[in-house]
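What follows is a single structure, written as structure tokens, with notes after it.
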Amino acid sequence: MTASRRDRSRSQGMSLDSGQWLLICAAGMLTVAGIAHTAATELIHSNVAIGFGALIAAGELARLTMPGNREVAPVSTAAALGYAVLLDVGNKPATHDALQVVAVVSAGMIAGALPHLAVGRPPRLDAIARRLISSSLLAFAFRPLAERLSPTTAGSNWWIALLVMAVLITAVLLVDVGIAAMLRAEVVRTAFPVAVRDEVRMVARLDAAVGASAALLALSAHSMGLTALLMFAAPLLVTQVAFRKYAGIRATYLQTVRALSRVTEVGGYVEPGHSRRVSHLSVAIGRELGMPEAELLELEYAALMHDIGQLSLSDPIPGGATVLTDPGQARRIAELGAEVIRKTGVLNQVAEIVRHQCDPVALTPPTASRIIKVANAYDDLVGGSTDRDRAAAALERLRLDGGDAYDPRIVEAMARVVDRLAPVSVL
Amino acid sequence: MPWPARVFFVLLMGGASFVVWRSVTSGRLEQFDNPTSTVLVLALLFLVCESVPTQLSVRQAAISVSFSAALAAVVLVGPEGATLVTLTAVLSVRPGLSLVKRLFNTAQFAICAYAAGEAFLAAARAMPHQPKPEDFPEIIVPFAVSAGVYVVINFLFTATILRLAEGVGRGVVPLRGMAQFLVSYLGYATFGLLIASLWTTVQSISAVLVLLPLFVARWALGQYHAQQRSYDATIAALCQAVETKDYYTRGHCTRVSDASSRIAEEIGMGTERLSAIRYAGMLHDVGKLGVPTKVLQKDGDLTEEEFAAVQLHPMRGLEIVRGIDFLDEAFAGIMHHHEKYDGTGYPMGLAAGEIPEFARIISVADAWDSMTSDRAYRKAKSKDEALAELRRGSGTQFDPVMVTAFLRALDRHPWEPPPSVPPMPFDAVVEQVVKDHDDPTSPIQVVSER
């Protein structure tokens, strides 16, 4: 099991979609241009540049993975954005241009990624490229204005500078969310608006903290000089610690439910791998139907635990194929499973999904229940086999049941998913 | 409240009144640039911070972000202004805070702020004025001094009142908690310095910029705690589902988890390992489902082959939970919880120190719960019988250290024996296990087939 998971994560890391390639190439070109330009001219205020580069590297070192396999590096992002909007350091105007920002940020990011690389954790190239591109965008937008906004030149004050910073940082972060959603929509094959909503829900708060800290850094460099670099990160560090804990428990939660869903297999109640396959297929169908991430998580939990009610039966049903057992028995298993899940006191929604997993369409069960019913039936018929004929036969059979037992909309969605994923062995 | 606490409270109120009176009458406040508006804005900030305490640290006491606001006020409006700013604590909207506590907090904040302000001025050797950018690197040391003074006085006052009023003695807050306290204070002090340093440029916006990440952090921590609770409930429910099959062992996993964490606490394990052993205790028997029911139900001696199936269950359990991101120790605990101290256990026959610590703990907890709950073939043993059995097995089956630790833990909080299991309903679909593999008093007998 461990091996198969590793394989999958590797294939996810390796196979990049066209959008990701485009982004990475753009970031690479930016890096080359920035470093070449800076080398040709010269590093302006080198101690400031080195300070910021070091901070970015440290932030990259402390990157974390948010739920949904999203890599973020709040401290690094805030420092990069802060360097882009820097106006002065202890009353000395900061005159570096946008390409120098690109050079410093990419140098810092590379330096911060190296230790991770050394211990065999390669960075998510698309995530790192996105971070570089958003700070470069901000630099190209803000650097030309910097001299005019700088409060040390006569006739301007901090309020205008702060306002411009706030507007531009917000705009850049929005663009970043948009790019992230676009990539995600492509990778997991969901609709763009759904991806945007998921992305906003997951990172909006963290982005707010990052944006505020970037502005804070630019302002505090004015009054504290380079000391600001050490101080500004304090509030953000607290935020990062909190998010790391949150992401950690979310990951463990999912792993635990995935692991414990296997007790039905070990006990001989269902075919090996059944729960896992049903949950993969269900989530893929849910995505195909445009379900948002929060609902997908509930769907995944319900799919993983859909057979847990069998543990209350005295004897395993031979082969465990619930599609072939009589409806009364299947309904009882669903009831018992829902009872088990209800005992948690927190997963009530999941319990409802499991309870209705074998209701006919006429009773209008929740969409998630219908998805599990279809995916479960399909897996009972096909099992772990990757034979295309067998898959086609199973689909045909579900279609023939004709709208009463299985929701035709979901069967069609599954047909598309199966067609796409057929050669992959995880199905 | 006992009378020493009352005396202390009255003294504190007197001190606070004096400090406030000095602040209002001394006139030093006028030396700052427009002090009234600064004090008002900071007071509002202090009130907001005081109303939402962030429980970033230890269970016993919450440090609130208001500490940063008070320190910022020390720099920006001197001891007098800082004292006035802290007075808003009396208005804080915090549910469940009685008037006495509120007054106490306000009084001690006022005194702390005044003392911190005087310390700041003394350390800076400067006349009170709002700091300019060029003051900056030099301001850090006096700031640290004043923060230190604030923390020490605040801690002394709080500790004294807790001791006098509620009899909370020394040594209750563990050393680890103290370290956490200090780190939080250090962090909050940094926020205060940030707010103060930005005040000259963008005034109150600086507070927003500093506090926004903190409030986001607070939200994330709230989510974390909610997820953690939900996770604990889920893992317990799933483990119980594994047990439903066997009518008599229901609740076994939660009780073993509970007993294991008591032993672990007794031998002084840290927080992270403590939570790991809770989960290991919970999950120790999930592999039991892999043992064929007919073996578990068999009345009489097991054949070697059947016994091998029983011996396999820790490995099956490990195989199930291996995908979860626990400490490695938790896995070792699950894998080896049937090893015996003299090396005659399974699956690997490890002895004494070779057995992982977690496994030695779970083994004691497991046997204890098995003996003190009802089984199909016998009633639960009394506490004394079970204790005698543990002592008898100490050194042969159990690690003597863990047994003594468990005995100490039982002295501290008596064990609630599980409710007596009602006789099984006649038509129940569950089965009875005739022999509990965890029960040290009825060891599994194996007959050789040859």
Side-chain angles (χ1 to χ4, degrees), chain A residues 1-2 5 90-91 151 158-159 162 205-206 208-210 212-213 215-216 219-220 222-225 227-228 231-232 234-239 241-243 245-246 248-253 255-260 262-263 266-268 305 308 311-315 340-341 343-347, chain B residues 56 131 133-134 136-137 140 187 190-191 193-194 197-198 200-202 205-206 208-214 216-221 223-224 227-231 233-242 244-245 283 286-287 289-290 292-293 316 319-326 429-431:
Chain A
M1 188 194 85
T2 339
R5 202 181 43 225
N91 265 334
W158 278 106
W159 293 99
L162 187 62
R205 289 184 182 82
L206 189 57
V210 166
S213 302
L216 185 70
L219 296 183
S220 54
H222 166 70
S223 42
M224 290 199 273
T227 330
M231 312 282 269
F232 105 99
L236 197 55
L237 274 180
V238 177
T239 318
V241 168
F243 271 92
K245 281 183 148 182
Y246 170 60
I249 188 75
R250 277 283 300 266
T252 312
Y253 205 153
Q255 286 162 357
T256 304
V257 175
R258 279 183 186 159
L260 290 183
R262 291 186 58 230
V263 293
V266 172
M305 299 190 278
I308 205 113
L311 291 180
S312 312
L313 299 179
S314 53
D315 285 311
V340 168
I341 300 168
K343 277 211 195 94
T344 62
V346 281
L347 299 176
Chain B
L56 289 178
E134 55 272 16
F136 248 84
I140 292 177
T190 318
F191 309 153
L193 184 56
L194 272 171
S197 76
L198 293 186
T200 41
T201 44
V202 285
I205 294 290
S206 67
V208 175
L209 291 180
V210 172
L211 293 181
L212 188 68
L214 286 186
V216 172
R218 201 181 124 78
W219 173 85
L221 271 187
Q223 292 287 306
Y224 160 72
Q227 286 282 324
Q228 179 77 57
R229 272 195 300 277
S230 165
Y231 176 66
T234 305
I235 205 169
L238 287 178
C239 287
Q240 276 161 16
V242 171
T244 45
K245 227 177 103 168
L283 293 167
V286 284
L289 267 184
T293 322
R316 301 302 283 271
E319 200 184 302
I320 293 174
V321 300
R322 204 162 38 191
I324 313 176
D325 226 345
F326 286 140
V429 290
V430 291
E431 56 222 31

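Note on naming: letters A, B, ... go to the chains in the order of the sequence lines (proteins, then strands), and numbering restarts at 1 for each one. What's counted below: heavy atoms across the whole structure, side chains too, no hydrogens, waters or symmetry copies.
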Contacting moiety of B:Y231, where chain A heavy atoms sit under 4.5 Å: both

Euclidean distance, B:R322 CZ relative to A:R262 CZ, rounded to 0.5 Å: 8.5 Å

Sidechain-backbone polar pair: A:T239 side chain, B:P213 backbone, donor-acceptor under 3.5 Å: yes

Pairs of heavy atoms under 4.5 Å with chain B: top-ranked of A:A209, A:G248, A:G345: A:A209

Contacting moiety of A:V346, where chain B heavy atoms sit under 4.5 Å: side chain

Region of B:L211 in contact with chain A, defined by heavy-atom distances below 4.5 Å: neither

Point-to-point distance, once rounded to the nearest 0.5 Å, from CG of B:L238 to NZ of A:K343: 10.5 Å

Side chain, backbone, both or neither of A:L219 within contact of chain B (heavy atoms, under 4.5 Å): both

Taking every non-hydrogen atom, the tightest pair across A:A208 and B:L212: O-CD2, 3.5 Å

Segment of B:A236 engaging chain A (4.5 angstrom heavy-atom cut-off): neither

Taking every non-hydrogen atom, the tightest pair across B:Y224 and A:K245: CD1-O, 3.3 Å

Which atom of A:Y253 lies closest to which atom of B:S230, heavy atoms considered: OH-OG, 2.7 Å

Straight-line distance of B:Q240 CD to A:L311 CG, nearest 0.5 Å: 12.5 Å

Euclidean distance, A:F243 CZ relative to B:L221 CG, rounded to 0.5 Å: 9.5 Å

Taking every non-hydrogen atom, the tightest pair across A:P235 and B:F191: N-CE2, 3.2 Å

Spatial distance of atom CZ (A:R250) from atom CD (B:Q223) [nearest 0.5 Å]: 8.5 Å

Segment of A:L216 engaging chain B (4.5 angstrom heavy-atom cut-off): both

Region of A:I341 that comes under 4.5 Å of a non-hydrogen atom in chain B: neither

Candidates A:L347, A:T256, A:L260 - the one meeting side chain to side chain contact (heavy atoms under 4.5 Å, CB included) with B:T234: A:L347

Largest heavy-atom contact set with chain B, pairs under 4.5 Å, which of A:I308, A:V340, A:V263: A:V263

